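We use all heavy atoms of the structure for the numbers below, so side chains are in, but hydrogens, waters and symmetry mates are not. Note on naming: letters A, B, ... go to the chains in the order of the sequence lines (proteins, then strands), and numbering restarts at 1 for each one. Quantities reported herein were computed from a predicted structural model and do not represent experimental measurements.
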2 protein chains.
Amino acid sequence: MDATIEEVARRAGVSIATVSRSLRGREGVSPRTAERVRAIAHELGYSASPSASRLASGRAGTVAVIMPFLGRWFFSEVLDAAEPVFREAGLDLLLYHVGDRESRRKYFSVDLLRKRVEGVLLVSLPLTDAEIEVLHSLGIPVCTVGVALEGFRSVTIDDVSAARLAAQHLVNLGHERVALIAGDTEDPTLCGAPRDRRAGYRSVLEEAGTGLDPGLEARGDFTAAGGAMAAGELFARQHPPTAIFAESDEMAIGALGTLRRLGLRVPQDVSVVGFDDHPLAAALELTTVSQGVADQGRRVAEQLVASLTAGSGPGAGASEQVQLPTRLIVRGTTAVAKPAAGPSALAGAGDGKPRLGPAPGTRHGTAPGTVPRRNKEVAPTPGAVGLALPIRAQVTTQKGRAVQQ
Amino acid sequence: MDATIEEVARRAGVSIATVSRSLRGREGVSPRTAERVRAIAHELGYSASPSASRLASGRAGTVAVIMPFLGRWFFSEVLDAAEPVFREAGLDLLLYHVGDRESRRKYFSVDLLRKRVEGVLLVSLPLTDAEIEVLHSLGIPVCTVGVALEGFRSVTIDDVSAARLAAQHLVNLGHERVALIAGDTEDPTLCGAPRDRRAGYRSVLEEAGTGLDPGLEARGDFTAAGGAMAAGELFARQHPPTAIFAESDEMAIGALGTLRRLGLRVPQDVSVVGFDDHPLAAALELTTVSQGVADQGRRVAEQLVASLTAGSGPGAGASEQVQLPTRLIVRGTTAVAKPAAGPSALAGAGDGKPRLGPAPGTRHGTAPGTVPRRNKEVAPTPGAVGLALPIRAQVTTQKGRAVQQ
DNA sequence: CTGAAAGCGCTTACAG
DNA sequence: CTGAAAGCGCTTACAG
């Protein structure tokens, strides 16, 4: 089971060069010889030592996937979709989790990557100029997903347009106080998604003429707990919102929990839109913006594999920037704004203090009239177009009415 | 930046042997020399070629993490917790996703693992005897998490006892028709978790004297969509349950969605308990069994690293089986069974047909009196004890009452 | 089509 | 403490 190439060669009565050529399907070996060698290799359970063949050939046969989070849905979904592509291409997948600044410095010191991998897939990781410089100096293909980097191939969505879909949907429903639960937009190490989604949200509100209110923005850190906290803050303020757009489904679901505890009904009292189309969003009937995460993962992996096999051929170094379409999926958490609800409807929470505890005597649920509308309304973004133009998406209700929003 | 050890040696005026020793912190080098060599190596941006040093030393410096799913929460959480342990130990993490039978055969053909990694972490993957045989023949440390394998170290929980916590909780609340949403218990390739959780559930029901009703079990495939389907089936049957225990939070959340669509209130009409303590479970106030997934991931990684560094020392080959404790976390989705509700309460869904559509005029929500009780009631399992004894867990309510259940 | 040989860049006994 | 040299197990020009 632990045979070496020399043993195979001896057993087959050929040179090790011939064994190597036969096993790797090279030209220049007679079919008969090749076949015999393969049979013997199989019989001996031989397989080439990766380190030896890497050292001799100079090819690492490995790609690095670098992610800042492993536990969050977006990231594991990308990994799940990318992995089979690499496997198919015969590439080993070396996983790097860069969390803190410390590990970042370490991984981007070239040492860790150079001589070790022949390609890098960077997932939603924004980098400093110095880090980008390091990646360039690696001299190997680097592809990114979730964030576009100057000079590298990437697969992304248009976060501005995607966020506009969500915000516009709420504005179209008559909401005048639309809140944002943002990811961490302060941290410069975070990637462009939170920045762009916020920009999209703001642009819609500005166009709607409702003006921007800093009191309508809160931070949720892209986690359910963060979303729950953020919703708590929003409804503790002087003028609470009537609708919430959360930059991720996980935050939106956290917000739903808080709303229930506050005794606010969804969507009667408050509408909520998420972002991602997390599997649980469908289960919870959460209206959301689907960004086809699996697609992104698969595409970027294919992009990297292509860069690897293309070698230094024509266009290999070209920084192809693919932008995938997104769409709004209207489910049960959004509804027309109440005629003139005002803060009165929020009596239970409008006392100026966060009220995360339960509100006895109130209920949370989906109103009879709004539940039936499900999963039927989608609005594709321009896709592969990066302009933040006003979205006039085609929305089809279950009854078949086409609506311009 | 691409210096070789020879260049460093020349530059430092020493032999490459000395460079190697200095850089690896070996004994037998004068401090002065070692320091100078390190300085020059750093200046030249030198780092040893992994494949060369692996070939020369025979050590792979890499561990394989093998998982059947990358997208499901349990798996990404384990990965997230295990990764830093390997990084700390200077080990590369090679990720293997074995889904279909095809890729399994491939990965377990020894070739893929041998000569490539020096340790294997198997996540919740049940194996055939042949596959286990292959792992043994690898001759390297193999640790498993989520499932215990004969002859290998492992970190698991007592799934039987853990499931009993959930079922007993429901029985104690007076529920006489407790349903199970199981993972795939038919598939022999699935690991012991679904089998054991079902066993725990059944044992409680048998002890409770309510008897076992096959009509109270449905399959959910460990996904939210599967859980939603399963709940639909359960409530389409002749005698629907009044409580549900789902073998994962994702399935439980899917079930919650279905219940809402059916117009059934949680927990007034139906109680629901999940399994995992998924981050979203807290947000949704889902009563669940916490199994400390991050703990399991960290522990098993440490176990593997220990096996690696212990080498063939005393007890290195011992198959240490660690069993971590679980606990019930009572939140807002479980409540005392209705006095004598019977199928009447389920009028809207008791027509014998799956009724996944919305039920107009009904609401879903958390009752005033039950919401306040949150996150305070926990019941540790015996931990590290594998016996499926009747659980008499200590449960403390928010009001401080101690309850024997 | 086939083989002998150099070489990939390290590590590790073995001498000194 | 230090160095010269063998060797890890392959791949790849280079001859034939």
Per-residue pairing states of DNA chain C in dot-bracket (Watson-Crick or G-U under 3.5 Å; . unpaired, | other strand) read |||.||||||||.|||
Would you mind building the protein contact string for nucleotides 7-16 of chain D? One character per nucleotide, 5' to 3', B for base within reach (heavy atoms under 4.0 Å), S for sugar-phosphate only, - for untouched.
BBBBBBB---
Within the pair A:Thr18 and C:dT2, is there a side-chain N or O less than 4.0 Å away from OP1 or OP2?
no
Considering just the side-chain nitrogens and oxygens of A:Ser30, establish if one lies under 4.0 Å of OP1 or OP2 belonging to C:dT2.
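Answer yes for this pair, as a side-chain N or O of A:Ser30 is under 4.0 Å from OP1 or OP2.
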Residues in side chain to side chain donor-acceptor pair (under 3.5 Å) with [X], at least two apart?
X: A:Asp80; value: none
X: A:Arg59; value: A:Glu118
X: A:Ser15; value: A:Thr18

Determine which pairs satisfy ring pair (Phe, Tyr, Trp, His ring centres under 6.0 Å) with at least one residue from residues 126-151 of chain A, sequence neighbours left out, and list them in order.
A:His136-A:Phe152
Got a sec: does the CD of B:Glu43 have more than 12 other heavy atoms crowding it under 6.0 Å?
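More than 12 within 6.0 Å, yes.
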Distance-only, no hydrogens or angles: does the A:Arg36 side chain make a donor-acceptor pair with backbone N or O of A:Ala12 under 3.5 Å?
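A pair under 3.5 Å: yes.
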Where B:Val147 and B:Ser154 come nearest, the two heavy atoms and their spacing
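The answer is O-CB, 4.0 Å.
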Ion pair present between B:Arg10 and B:Glu7, side-chain N to carboxylate O less than 4.0 angstrom?
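B:Glu7 and B:Arg10: not salt-bridged.
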